[in-house]
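One structure is given below, encoded as structure tokens.
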Number of protein chains: 2
Amino acid sequence: MTAMQRAYDHVRDCILSGRFSPSERLGEVTIATELGVSRTPVREALRNLAADGFLELRPHVGAIVRPWNFEELYSSFVIRADIEAQAAAHAARRITKEEIEELAALCDLMERESDHDESPAPQSRSTLNRQLHLRILQISGLPHAERTATQLMDLAVLTMTFNQFDEEEVHRSNSDHRILLHAFRLKDDLLAHSVMRTHILTAAAILRAGEETPQ
Amino acid sequence: MTAMQRAYDHVRDCILSGRFSPSERLGEVTIATELGVSRTPVREALRNLAADGFLELRPHVGAIVRPWNFEELYSSFVIRADIEAQAAAHAARRITKEEIEELAALCDLMERESDHDESPAPQSRSTLNRQLHLRILQISGLPHAERTATQLMDLAVLTMTFNQFDEEEVHRSNSDHRILLHAFRLKDDLLAHSVMRTHILTAAAILRAGEETPQ
DNA sequence: GGTTGACGCAATGCATACAATCCTGCTCTT
DNA sequence: AAGAGCAGGATTGTATGCATTGCGTCAACC
């Protein structure tokens, strides 16, 4: 583990946990002394975080935590819906039997976990979900889809920790995955496209519902 | 102009002009001495180029020029088509009269340049085209659409220099822009979506045609 | 002859020092 | 009292030196 990676993870975790509030100014020296490393790896980590959309760099001012209002987050889902739907359609045409079994195994794991009401690892589901979506993006054979969608996905994890699905919504999500697998088996690219698009836009709608009621 | 920016532009131009061939290994010291600067800004430039998709960084090995086969490039167009179509639809609902006039002015410039057969600046059209698309992305109010689409667009400029549109194709492209503006005036988001999607997929098809015949 | 091990080298990773630039608060002036 | 100018400080930009790590090569052993 390099010092840059440590700095990256540290700042990222601080942003996600709310220790660094939005629009807060972060200096290189502050973080460097906090971690006991030099400015060089910290500087590099901040650049990477900015490239990944977590920070905004202002020369001679400092890195400020990117303020992520609701519109910002919702837009990432809208874009992801298009990209991943397209990827699912491509994947449906290229997927092999072995890859289908691989995805099915992931779905089994997720459903088995949902059955146990006392979920041992609360973030396990989101990890498995990420794996599933990532694998489909890889299978699609659209390298840029993989790049951009994973960026948006990791950025969305930010709020997923605050906004948990309830039991009914988890069930629906699992059902979406099953239908998607069905579409893959049939090599039905139109169905795959539509299911994936609905799957993500549904998540966005749930997010919107959870975000609008508290206010 | 910082030294990092100089290094960034230098390496980028070398990649685009073919001076650095794909899969070539680039050392930090090589470029640093070539430009007469220290390793530090070069290092930072290489990171940025990797973040923008031009390079791939391998720890303790070096930066290698990302091999961009045809599939890779084509996939960027497919993704862009979806993103920018969605952005156009959103823009159609939010655009103001002033912004429409602004876009119309850009279209006028592009068409006026097309009329003069002796185009003074060969890359002027691609610059104007970039401005037009970027402005629409901004108007869409989807920040992530702007981020991802511009990344893909800049990456695609790479081959646009080798693959020029002929007169007929330029005319068609201008016509697309005009219909898009028409859709904006009518606030017709469906039309805007479809026109933009077709516009980009057409460019991809032309690219494919130009790429398959030489072989 | 093929394979595995170690050693040397080259390149990156990191730390520190210095320079340039910009922001900020204060003061002086109007 | 409000605005402009200036000085101080803080932050980033760059250079350089040392530490670390992976890779290639050569030789020895199987």
Side-chain angles (χ1 to χ4, degrees), chain A residues 1-15 18-68 147 151 154, chain B residues 1-16 18-68 147 150-151 154:
Chain A
M1 176 77 72
T2 66
M4 187 277 281
Q5 194 64 37
R6 282 216 317 273
Y8 184 98
D9 292 341
H10 173 73
V11 175
R12 186 173 179 276
D13 291 346
C14 283
I15 293 174
R19 180 162 163 0
F20 292 158
S21 51
S23 300
E24 183 170 346
R25 286 175 49 176
L26 305 179
E28 295 176 359
V29 282
T30 312
I31 302 166
T33 55
E34 199 169 319
L35 286 174
V37 295
S38 151
R39 263 182 54 212
T40 311
V42 172
R43 180 184 179 80
E44 197 172 313
L46 292 181
R47 302 290 166 154
N48 288 342
L49 284 163
D52 291 346
F54 290 101
L55 296 175
E56 191 174 347
L57 264 54
R58 295 257 282 268
H60 295 284
V61 174
I64 65 176
V65 178
R66 188 161 177 170
W68 44 278
R147 271 172 53 88
Q151 271 188 23
D154 290 341
Chain B
M1 176 76 72
T2 65
M4 187 276 282
Q5 195 63 38
R6 281 217 316 274
Y8 184 97
D9 292 341
H10 174 72
V11 175
R12 187 172 178 275
D13 291 345
C14 283
I15 293 175
L16 296 188
R19 182 164 163 358
F20 291 159
S21 51
S23 301
E24 182 171 346
R25 283 177 52 177
L26 305 179
E28 295 176 357
V29 284
T30 312
I31 302 166
T33 54
E34 201 169 318
L35 286 173
V37 295
S38 149
R39 267 182 50 214
T40 311
V42 172
R43 179 185 179 79
E44 197 171 314
L46 291 181
R47 303 290 166 154
N48 288 342
L49 284 163
D52 291 346
F54 289 102
L55 296 176
E56 191 173 346
L57 264 57
R58 293 258 283 270
H60 293 286
V61 174
I64 64 176
V65 178
R66 187 160 177 171
W68 44 278
R147 273 173 49 89
T150 50
Q151 272 187 22
D154 289 341

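Note on naming: letters A, B, ... go to the chains in the order of the sequence lines (proteins, then strands), and numbering restarts at 1 for each one. Please read all numbers here as calculations on a predicted model, not as lab measurements.
Proximity of A:Val65 to A:Leu55: side-chain heavy atoms (C-beta onward) are separated by under 4.5 Å at one or more points.
Take B:Arg12 and apply the salt bridge (charged side-chain N to carboxylate O under 4.0 Å, His left out) test, not counting sequence neighbours, and it matches no residue. When the side-chain contact (heavy atoms from CB on, under 4.5 Å) test is applied to A:Thr33, no partner is found at least two apart in sequence or on another chain. B:Glu24 is linked by a salt bridge (charged side-chain N to carboxylate O under 4.0 Å, His left out) to nothing, counting only residues two or more places apart in sequence or in another chain. Checked against salt bridge (charged side-chain N to carboxylate O under 4.0 Å, His left out), A:Arg19 has the following partners two or more places apart in sequence or in another chain: A:Glu34.
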Dump every N/O contact between nucleotides 9-13 of chain C and the protein below 3.5 Å, one line per pair.
residue, atom, partner, partner atom, Å
C:dT12, OP1, B:Glu28, N, 3.0
C:dT12, OP2, B:Glu28, N, 3.2
C:dG13, OP2, B:Arg43, NH1, 2.8
C:dG13, OP2, B:Arg43, NH2, 2.7
C:dG13, OP2, B:Arg47, NH2, 2.6
C:dG13, N7, B:Arg39, NH2, 3.2
C:dG13, O6, B:Arg39, NH1, 3.4

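Atom P of nucleotide D:dG13 and atom CG of B:Leu35 are separated by 18 Å, given to the nearest angstrom. Taking atom CE of residue A:Met1 and atom C1' of nucleotide D:dT21, one finds them 16 Å apart after rounding to whole Å. Between the CD1 atom of A:Ile64 and the P atom of D:dT11 there is a distance of 15 Å, given to the nearest Å.
Pairs passing the salt bridge (Lys or Arg N to Asp or Glu O under 4.0 Å) check and including a residue from residues 47-63 of chain B, sequence neighbours excluded, read A:Glu44-B:Arg47.
An OP1 or OP2 oxygen of D:dA15 is reached within less than 4.0 angstrom by a side-chain nitrogen or oxygen of B:Ser38.
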